[in-house]
Amino acid sequence: MPLAFRNRCGHFILICLGVLLLLLPGYAYEELSDESLKALPRPNEEFDIHNGALLSPILQTRIPGTPGHDAVLQHLVNYIRTTLPKWEIDLQNSTSQTPVSNGEDVPFVNVIAYRDPPGASVGDVERLTLVAHYDSKLTPEGFIGAIDSAAPCAMIMHAMRSIDIALDKKWADMQARGMDPSFEEERGIQVLFLDGEEAFDHWTDDDSLYGARSLAETWDQEMNPAMSTFKTKLSSISLFVLLDLLGSKSPSIMSFYQTTHWAYQNMGALEQRLRSLGQFKSSSSDPWFIDTSKDSRQVVAMGGIQDDHIPFLARGVDVLHIIDFAPFKGFPPVWHTMDDDAEHLDMDTVEDWTVLVTAFAAEWMELEGFIGEAENAKARRDAELEAEAIRLNKKTEL
Ligand SMILES: *[C@@H]1O[C@H](CO)[C@@H](O)[C@H](O)[C@H]1NC(C)=O
Ligand SMILES: [Zn+2]
């Protein structure tokens, strides 16, 4: 705050501005403070690849229609039911034949979980939507898919808990101040663990994205209650953030869509801030978000990469595709090989991704002051300001 504002009148203007901002329905994207970035909850032993509670149960073959798949599905659902009791959970089922199913139907189960502000009507909430696929590829036999996408699922699981705790604090704080979160805040958060992303034979429009195609089609047709702000569940998605092929060292993330380049830049800015604050464990000579300094008009309209976002993108959903890919470099070397296993994960990078995704979601949900230990930091700042004000007052009295 410039010193010139540090008088009663300045404070008054700032308070008026604050009230105005609160009254405006669309909010500015609010940056997290350095204190909050330093206090973000980190994964610990729960990411242990051998017996960690979050990641290790996903590190097994999970081909749709097999017991490994059911076990991972159960793990995801159990986690949400026990750790995130305030989240709604839906399973969206479909069946499809595949090129190798000999005319048999294979079941696909998408896991949908969301949390809205208390008292909010379903159709009036827009949701930041974090997405990863939890199925694994049929071939090569025994393929684990650690970056594809066991690790992204675990990153999201960890982020959703940190966000959940902060939302509790934020919405309780609003209520304590006589505000109604259902009215003041029309934003919630949603997670999609999608099924059947991988092709069974060779990638075609029909042999891939089984879960995503089914869900996008269903949600396009399912209407929210009449008079809702958002007509369909698809239009309730404020941003579809898809994580895929993450967990190898020194990733390169491109910006694929002009319309969401600003969100890409926000994540790129967070990457740089976390790194300069010493909050990244992995070292990298190059930034991960390689297009951050580009103008949105410079974002190449290459059509993007085939992945779970495509059926949503085709129906007008805003997409941020976070996938390790760059021209000349391609996908990570372990991609679709037996080397994409637990041992080849770069755990520092996995952890850094978790912190970055949490930070991005926290900014989107405006959780400054509520995420991590930040409320303690805020209390400390307030106390310092008060002490300073007392000092200044004494000086003028003398
Ligand atoms: C969807 O499939 C799951 C797992 O197979 C099952 O438990 C659930 O009851 C099904 N849901 C519906 C609505 O059919
Ligand atoms: Zn894959």
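No experiment lies behind these values; they were computed from the predicted model shown. Atoms within a ligand are numbered from 1 in the order they appear, just like the ligands themselves.
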Option with minimal heavy-atom separation from atom 7 (O) of ligand 1, where the choices are Val111, Leu91, Asn110 = Leu91
What's the atom name of the N, O or S in Asp148 nearest to the Zn ion (ligand 2)?
-> OD2
Taking just the N, O or S atoms of Glu198, which one is nearest to the Zn ion (ligand 2)?
-> OE2
For the residue pair Phe325 and Phe331, categorise the inter-ring angle as parallel (less than 30°), tilted (30 to 60°) or perpendicular (more than 60°).
-> tilted
Among Ile237, Leu130, Leu128, which one satisfies side-chain contact (heavy atoms from CB on, under 4.5 Å) with Gln190?
-> Ile237
Ignoring hydrogens, just give me the one of Asn93, Leu73, Val109 whose non-hydrogen atom is nearest atom 12 (C) of ligand 1.
-> Asn93
Before accepting this row, confirm whether a basic side-chain N of the pair Lys170/Asp173 lies closer than 4.0 Å to the acidic partner's carboxylate O.
-> no
Quick one: does atom 9 (O) of ligand 1 have a protein heavy atom under 4.0 Å from it?
-> no
Within 45° cone and under 6.0 Å: Arg115 NZ/CZ vs Trp171 ring | no
With a cut-off of 2.8 Å, does His133 place any N/O/S atom under that distance from the Zn ion (ligand 2)?
-> no
Do His321 and Phe256 make the cut of ring centroids closer than 6.0 angstrom?
-> yes
